[in-house]
2 protein chains.
Amino acid sequence: MTGTSPDFPARLRAAGLRPTRQRVALARLLFEGGHRHVTAEGLHVEVKATRMPVSLATVYNALNQFRDAGLLREVVVAPGRSYFDTNTGHHHHFFVEPDGELHDFPSDKVTIAGLPAPPKGTRLARVDVIVRVRR
Amino acid sequence: MTGTSPDFPARLRAAGLRPTRQRVALARLLFEGGHRHVTAEGLHVEVKATRMPVSLATVYNALNQFRDAGLLREVVVAPGRSYFDTNTGHHHHFFVEPDGELHDFPSDKVTIAGLPAPPKGTRLARVDVIVRVRR
DNA sequence: GCAGTATTTAGAATTGTTCTAAACTCCTTG
DNA sequence: CAAGGAGTTTAGAACAATTCTAAATACTGC
Ligand SMILES: [Mn+2]
Ligand SMILES: [Mn+2]
Ligand SMILES: [Zn+2]
Ligand SMILES: [Zn+2]
């Protein structure tokens, strides 16, 4: 068994978001099944293929809200292209150029030693490691 | 003495680029003085303040050509914002949100251990470490 | 200097994303 | 189980960053 089927309306409510039909449809695409890296455009294409199509503006709204609520994380790898990542745990990325594919790798085995202290008046928010590889 | 004054036309020729007035003006702004992180818009504002103003299209062309020639490196930190970095040596970045400032730090002291092997059919191009900090 | 190619330019076009304001829907309350 | 109101969705306009177009101009080798 993969466990209890996820109750998306409840998960959205828990995140402080009304479980509208559009948001539930998007949450289903994003969160049932394994982790994903999606672009707004890509998710819009997917949801349009559904019985419940959603406008592009709503896809952007939802992705930004999900990110702000901590349900997604945003990964910036290339100019003019934002990926939204359903894996919000600690991990890093391979970025395959020029295809633009993103692959996760766990951060448990990765050690980063010798980082300097944050500049005065700032505190650490996150360390992003992007390993760029080519075909 | 800081050494011989840099001969920008020669450096551009060495990079396979004709030393046009525009490219020389931009190279001067970029490469005399210490390392810099510039945006296209920012560099355009700077060069407009010069006796030799340059169109925005040419600024973009030159930045892309300089990058392709290895004179600059491009750093992507936030969606919709590309920085061009005159420091092409190994180093990493602090990114101060929400200001958008980029600061270098040397990679000599930083050790990254335990990186997994690149996905099949790819080889490593570069490892970017971006330390995100907040005020 | 001339020819010929590379470069520059203004402005249009493209791309990714956000905004606007009107229509709609979820949810609480009576 | 109706309102009624706040929150949400939507089409389309607007915006911001970047690239493209095609005509004018500037390097370079001869
Ligand atoms: Mn955003
Ligand atoms: Mn580019
Ligand atoms: Zn990821
Ligand atoms: Zn740098």
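Letters go in sequence order (proteins before strands), and every chain restarts at 1.
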Nearest whole angstrom, please: distance from the P of dT18(C) to the CD of Gln65(A).
11 Å

Out of dT10(D), dT18(D), dT17(C), which has the shortest distance to the side chain of Leu56(B)?
dT18(D)

Value in whole Å for how far the P atom of dT17(C) lies from CG of Leu43(A)
12 Å

CG of Asp68(A) versus P of dT18(C): gap in Å, rounded?
10 Å

Difference in axis direction between the ends of the helix from dG1(C)-dC30(D) to dG30(C)-dC1(D), five pairs, 10°
30°

Which atom names give the shortest non-hydrogen contact between Val76(B) and Pro79(A), and what distance separates them?
CG2-CD, 3.5 Å

Return each pair, listed once, that meets ring pair (Phe, Tyr, Trp, His ring centres under 6.0 Å) where at least one residue sits in residues 37-59 of chain A; pairs must be two or more places apart or across chains.
His37(A)-His93(A)

Would you give the length of the straight line joining atom CD of Glu41(A) to atom OG1 of Thr39(A), rounded to the nearest 0.5 angstrom?
7.0 Å

More than 12 heavy atoms from other groups under 6.0 Å of CZ on Arg132(B)
yes

Can you tell me if the side-chain N/O atoms of Asn64(B) get under 4.0 Å from OP1 or OP2 in dT19(D)?
yes

Nearest-Å distance for atom pair CZ/C1', residues Phe66(B) and dT7(C)
12 Å

Is Tyr60(B) close enough to dT19(D) that one of its side-chain N or O atoms is under 4.0 Å from OP1 or OP2 there?
no

Can you tell me how far the CZ atom of Phe84(A) sits from the CG atom of Leu30(A), to the nearest 0.5 Å?
10.0 Å

What is the distance, to the nearest angstrom, from the NE2 atom on His44(A) to the P atom on dT9(D)?
13 Å

When you measure from every atom of DNA chain C, which of residues 17-25 of chain B have a heavy atom less than 4.0 Å away?
Arg18(B), Thr20(B), Gln22(B), Arg23(B)

When rounded to whole Å, the CD to C1' distance for the pair Glu74(B) and dT18(D) reads 11 Å

Using a heavy-atom cut-off of 4.0 Å across all strands, would you classify Ser82(B) as base, sugar-phosphate, or nothing?
sugar-phosphate

How many whole angstroms separate atom CG of Asn61(B) from atom C1' of dA17(D)?
14 Å

Which atom of His103(A) lies closest to which atom of Pro119(B), heavy atoms considered:
CD2-CG, 4.3 Å

dC15(D) P sits how many Å from Arg81(B) CZ, rounded?
19 Å

Could you tell me whether a side-chain N or O of Thr86(B) sits under 3.5 Å from a main-chain N or O of Arg36(B), the two making a donor and an acceptor?
yes

If the plane angle is over 60° it's perpendicular, under 30° parallel, otherwise tilted; pick one for Phe105(B) and Phe94(B).
tilted

Taking only Lys NZ, Arg NE, NH1 and NH2, and the carboxylate oxygens of Asp or Glu, determine whether Arg126(A) and Glu97(B) approach each other closer than 4.0 Å.
no

